[in-house]
Amino acid sequence: MGLLAYLKTQFVLQLLLGFVFVVSGLIINFIQLLTCVLWPFNKQLYRRINTRLSYSLWSQLVMLLEWWSGTECTLYTDQATVERFGKEHVIIILNHNYEIDFLCGWTMCERYGVLGSSKVLAKHELLKVPLIGWTWYFLEIVFCKRKWEEDRDTVFRGLDRLKDYPEFMWFLLYCEGTRFTEKKHQISMEVAESKGLPKLKYHLLPRTKGFTTTLKCLKGTVSAVYDVTLNFKDHQVPTLLGIINGKKYLADMRIRRFPVDEIPEDEKECANWLHKLYQEKDALQEHYHKEGTFPGPTITPPRRLWTLLNFLFWATLLLSPLINFACGVVVSGSPLLILGFSLFLIIGE
């Protein structure tokens, strides 16, 4: 293990990373709260400001993936599709098998300039989570309780508000509703059998209501649906802890673009289209497990410096007082202060 790799595993450094993220997030949330006064007078200015504030927070997590762990993301798609990235409103359908699948999605959002304006249909419980939920609230994220009778009006209103969003947005949907586990998969396939639907090997049965509703509400705003199937080289099972410890992963993403005009408008036919899509996603995963790769040409978009520069800005701003304090302890020559500070570092280890 090299020195740099060793340092990334040290709790003190990881604690400093967390400190920067949390404190900067609280500062950003406070600024977002202040921007609420703009909403009645200039809604679009409010949105543009909050898009950039959100980017400043989320890009720190992307920095961990790209620069700290060095994880690489390879796209399996055609050049014509890539040329549309970041230039249209779209719905993203992503399989939910891994802890860091959202981070892999975010790194693509960052590389094509839509990280700050990315959206998701989120669980209502997340609204109460500091930093994540609060930032999403200011971003007009649509929260739902997964009880359609209660969610209907909230979801329709939330999606309707996004029709005039000034920044190109990628709206993420986890159509499976929850992360894949063997137990959930078994239950899901029992449901599929009871409904006469084809069984899936690598996915849960998609929940069609969220997709059909989102597509219906954003028709005329979104121009395409991007189907993204994610997997990792060498049967890696990536974790957030692995990313924090600087472990490198190799992600592969198969991306297919479907123009909205080609997707059926009828709700039942649209649901059938989604089920067929998941059968195709399952076939893609079967191909990957056999061949170790997805079919089609590959493109590796270069990572950008912005995430690293943004983190260095916040680290300089927030860690300078702490570093000055540490220097002051050393310069003071006080055995008690030096001993206390040394004990803190040892306990941190």
Side-chain angles (χ1 to χ4, degrees), residues 76 90-106 108 118-126 132 141-152 155 170-216 225-233 235-240 249 251-256 258 263-264 267-290 294-295:
Y76 288 74
V90 299
I91 294 172
I92 305 287
I93 296 177
L94 177 64
N95 55 306
H96 201 3
N97 297 70
Y98 307 99
E99 282 187 19
I100 69 164
D101 46 33
F102 76 97
L103 266 182
C104 293
W106 271 359
M108 289 301 105
S118 60
K119 310 294 179 190
V120 66
L121 193 61
K123 293 185 292 185
H124 190 267
E125 293 80 5
L126 291 174
I132 296 175
I141 294 297
V142 182
F143 293 95
C144 60
K145 300 178 181 178
R146 296 187 179 179
K147 296 179 181 178
W148 184 241
E149 295 75 17
E150 299 180 26
D151 289 332
R152 181 191 300 272
V155 171
W170 286 7
F171 195 106
L172 172 64
L173 288 178
Y174 285 122
C175 292
E176 295 165 88
T178 185
R179 188 181 301 152
F180 182 100
T181 66
E182 289 301 330
K183 184 176 181 180
K184 292 175 184 176
H185 180 253
Q186 181 181 353
I187 296 173
S188 182
M189 291 308 97
E190 289 173 357
V191 174
E193 185 175 9
S194 68
K195 293 184 176 181
L197 296 169
K199 291 187 177 182
L200 303 172
K201 186 176 180 181
Y202 301 100
H203 300 86
L204 305 180
L205 195 66
R207 300 180 181 183
T208 60
K209 180 62 72 173
F211 174 72
T212 57
T213 300
T214 303
L215 189 62
K216 179 180 179 180
V225 171
Y226 293 171
D227 170 51
V228 183
T229 305
L230 171 68
N231 216 319
F232 290 84
K233 292 288 189 188
H235 305 289
Q236 293 174 308
V237 182
T239 63
L240 285 172
Y249 300 105
D252 288 334
M253 307 172 78
R254 178 71 169 96
I255 303 177
R256 299 181 294 166
F258 298 91
I263 302 174
E267 184 173 348
K268 185 176 180 180
E269 291 181 6
C270 186
N272 291 335
W273 181 90
L274 184 63
H275 282 298
K276 184 173 181 288
L277 180 76
Y278 267 79
Q279 293 167 37
E280 294 172 358
K281 288 171 73 69
D282 225 48
L284 282 171
Q285 290 287 40
E286 181 70 20
H287 183 281
Y288 193 92
H289 279 265
K290 289 181 178 179
F294 287 121

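Here the structure is a predicted model, which is why all the values come from computation and not from measurement.
Here CH2 of Trp170 is found 9.5 Å from OG of Ser118. Values are rounded to the nearest 0.5 Å. The line from OG1 of Thr208 to NZ of Lys268 is 11.5 Å long, rounded to the nearest 0.5 Å. Note that CG of Asn231 and CD of Gln236 are 10.0 Å apart. Values are rounded to the nearest 0.5 Å. Here the CD-CG distance, from Glu190 to Leu205, works out to 12.0 Å after rounding to the nearest 0.5 Å. To the nearest 0.5 Å, atom SG of residue Cys175 and atom CD1 of residue Ile92 are 11.5 Å apart. For the atom pair CG of Asp101 and CE of Met253, the computed distance is 9.0 Å after rounding to the nearest 0.5 Å.
Listed for the Asp282 side chain is a donor-acceptor partner under 3.5 Å among the backbone atoms of Lys201. In this structure a side-chain-to-backbone donor-acceptor pair under 3.5 Å is missing from Thr212 to Ala271. Between the Arg254 side chain and the Pro295 main chain, a donor and an acceptor come within less than 3.5 Å of each other.
Scanning all heavy atoms of the two residues, the minimum distance from Cys270 to Pro264 falls at CB-O, 3.5 Å. Closest of all the heavy-atom pairs between Ala251 and Cys104 is CB-SG, 4.1 Å. Annotation for Leu197 and His275: closest pair CD1-CE1, 3.6 Å, computed over non-hydrogen atoms.
Side-chain contact between Asp252 and Leu230 is absent, with no heavy atoms from C-beta onward closer than 4.5 Å. A 4.5 Å side-chain heavy-atom check between Gln285 and Phe294 finds at least one atom pair inside the cut-off. At a threshold of 4.5 Å between non-hydrogen side-chain atoms, the residues His203 and Lys281 count as touching. Side-chain contact between Tyr76 and Ile255 is absent, with no heavy-atom pair separated by less than 4.5 Å. Proximity of Pro238 to Leu103: side-chain heavy atoms (C-beta onward) are nowhere separated by under 4.5 Å. Leu173 has its side chain within reach of Thr214: a pair of non-hydrogen atoms, C-beta onward, lies under 4.5 Å apart. A 4.5 Å side-chain heavy-atom check between Val225 and Leu215 finds at least one atom pair inside the cut-off. Counting heavy atoms from C-beta on, the side chains of Ile93 and Val228 never come closer than 4.5 Å.
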Show, in sequence, the C-alpha distance, side-chain angles and deciding distance for Lys119 and Leu172, and conclude whether the side chain to side chain contact (heavy atoms under 4.5 Å, CB included) test is met. CA-CA 6 Å; Lys119 310 294 179 190; Leu172 172 64; over 6 Å; no
Carefully, step by step, assess Lys184 and Glu176 under the rule salt bridge (charged side-chain N to carboxylate O under 4.0 Å, His left out). CA-CA 10 Å; Lys184 292 175 184 176; Glu176 295 165 88; over 6 Å; no
Show, in sequence, the C-alpha distance, side-chain angles and deciding distance for Phe171 and Leu121, and conclude whether the side chain to side chain contact (heavy atoms under 4.5 Å, CB included) test is met. CA-CA 8 Å; Phe171 195 106; Leu121 193 61; 4.0 Å; yes
Walk me through whether Leu204 and Met189 qualify under side chain to side chain contact (heavy atoms under 4.5 Å, CB included). CA-CA 7 Å; Leu204 305 180; Met189 291 308 97; 5.6 Å; no
Going through the checks in order, is the side chain to side chain contact (heavy atoms under 4.5 Å, CB included) test met by Glu280 and Leu277? CA-CA 5 Å; Glu280 294 172 358; Leu277 180 76; 4.1 Å; yes
Does Glu193 form a salt bridge (charged side-chain N to carboxylate O under 4.0 Å, His left out) with Lys199? I'd like the steps, not just the answer. CA-CA 7 Å; Glu193 185 175 9; Lys199 291 187 177 182; 3.5 Å; yes
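Crowding of Glu286 atom CD: a count of heavy atoms from other residues, nucleotides or ligands under 6.0 Å exceeding 12. The neighbour count for Lys216 NZ, taken as heavy atoms of other residues, nucleotides or ligands under 6.0 Å away, does not exceed 12.
For the ring-ring contact (aromatic ring centres under 6.0 Å, His included) with His96, the lone residue among Phe102, Tyr174, Tyr202 that qualifies is Tyr174.
No side-chain donor from either of Asn95 and Tyr278 sits under 3.5 Å from a side-chain acceptor of the other.
Between His185 and Phe180, the distance from one ring center to the other falls under 6.0 angstrom.
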